[in-house]
Amino acid sequence: MAQGSTDEQLQPIAGLLGAFLPGLGHLWLGEKRRAILIFLGVMGMFFGGVAIGGIDVIDREEDFWWFVGQAGVGPTAFAVDRIHRSRLTSADPPPNADPAWFDTNTPGRVKSLGHPNEIGSLWATLAGMLNAICVIDALIHAPARRREELAPVEEGSAA
Amino acid sequence: MTTLAHAFTLAYRPFLDPIPGVAHWWWLTIIPLAFFISMTYKAVRINSLDNMRRYWRKVAVMTLQVIALMLALAAGLHIVVEFIAPAVG
């Protein structure tokens, strides 16, 4: 093998694992440190966005196109959306609802609006898009390129 | 009205409610945003992670570059909106 060749290999399992959980694909490829950094970076952005804007930033129904980007994080986004929609979304009150109905059917959910919602949505969507880059990197893996910086080219070596 | 009363009396719930005060200081969130973007991007782009000091130095440089670019864009847009657009329009 020529020194410095990229020898790109298609790693579908690594790609699938990375799409399931950020960093898992690189962990499967044996790049533990890279996997940890990817996980911390992507999940830090995703949950940082949820922390900033509240769980309302993950909303498949009201913010569908934002959710398309957020889904790049994987099943985590769908799980958060499921929690949001099933437990925290206020139900539509029946006509002429008794005030007591609101006491039991609205668990104090605060809808995020304005800048908190915008910034939180942006964080979570960028997390999904960055994970897409990480998945592509795991999918098209070039182990020789990853070792280039450690192995200097020797003079006179065979091409 | 009961719902509104609940909204003002319930304590802040992390990850469920927006962080209090972020509506005023939202522009500061660009700093950790740039850091996380740089951290993830450099984790993929740097071939060797054996030298972690080099990695974190590159992350810091890219973070500063992103913030500087955002500030430059904001300044440029401000000039366009406040001076150029009114003069042209």
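None of these values were measured; they are calculated from a predicted model. Below, chain A is the first sequence line, B the second, and so on; all start at residue 1.
- For the atom pair B:Lys42 NZ and A:Arg34 CZ, the distance stands at 12.0 Å (nearest 0.5 Å).
- Taking CG of B:Leu33 as the reference point, atom CG of A:Leu122 lies at 6.0 Å (rounded to 0.5 Å).
- Between the CE atom in A:Met129 and the OG1 atom in B:Thr40 there is a gap of 13.0 Å [rounded to 0.5 Å].
- Although no hydrogens or angles enter the test, the distance criterion places no donor-acceptor pair under 3.5 Å between the side chain of A:Arg33 and the main chain of B:Met52.
- Proximity to chain A is absent for every atom of B:Ile30, based on heavy atoms less than 4.5 angstrom apart.
- B:Pro18 and A:Gly53 make their closest contact through CG-O, 3.5 Å (heavy atoms, listed as atom of the first residue, atom of the second, distance).
- Atom CE of B:Met62 sits in a crowded spot, with more than 12 heavy atoms from other residues, nucleotides or ligands closer than 6.0 Å.
- Between the side chain of B:Arg13 and the main chain of A:Gly54, no donor-acceptor pair closer than 3.5 Å is present.
- With rounding to the nearest 0.5 Å, the separation of CG in A:Leu37 from OH in B:Tyr41 is 15.5 Å.
- Between A:Ile119 and B:Val22, the closest side-chain pair of non-hydrogen atoms is not below 4.5 Å.
- In the hydrophobic clustering of ILVMFWY residues, with side-chain heavy atoms under 4.5 Å counting as a link, B:Leu73 and B:Ile79 come out apart.
- Note that NE2 of A:His84 and CG of B:Leu16 are 9.5 Å apart. Values are rounded to the nearest 0.5 Å.
- Checking each of A:Ile38, A:Leu130, A:Leu40 against B:Met39 for a side-chain contact (heavy atoms from CB on, under 4.5 Å) leaves exactly one that passes, namely A:Leu40.
- In this structure, B:Leu64 is not a member of the same hydrophobic cluster as B:Val66, with clusters built from ILVMFWY side-chain heavy atoms closer than 4.5 Å.
- Proximity to chain A (any heavy atom under 4.5 Å) is restricted, for B:Tyr55, to the side chain, taken from C-beta onward.
- Ring geometry for A:Trp123 against B:Phe36 counts as perpendicular: the plane angle is over 60°, on a 0 to 90° scale with 30° as the lower cut.
- Cluster membership check: B:Met70 shares its hydrophobic cluster with B:Trp25, using side-chain heavy-atom separations under 4.5 Å among Ile, Leu, Val, Met, Phe, Trp and Tyr.
- Heavy atoms only, all atoms of each residue included: B:Ile19 and A:Ala51 are closest at CG1-O, 3.0 Å.
- Looking at B:Pro20, neither its backbone nor its side chain comes within 4.5 Å of chain A, counting heavy atoms on both sides.
- A:Phe39 does not touch chain B: none of its heavy atoms, backbone or side chain, sits under 4.5 Å away.
- Identified under the salt bridge (charged side-chain N to carboxylate O under 4.0 Å, His left out) test for residues 130-144 of chain A, with sequence neighbours left out: A:Asp137-A:Arg146.
- A:Phe20 is connected to A:Val80 through a chain of hydrophobic side-chain contacts under 4.5 Å among Ile, Leu, Val, Met, Phe, Trp and Tyr, so both are in one cluster.
- Under the 4.5 Å side-chain heavy-atom criterion for ILVMFWY residues, a single connected hydrophobic cluster contains both B:Trp27 and B:Ile67.
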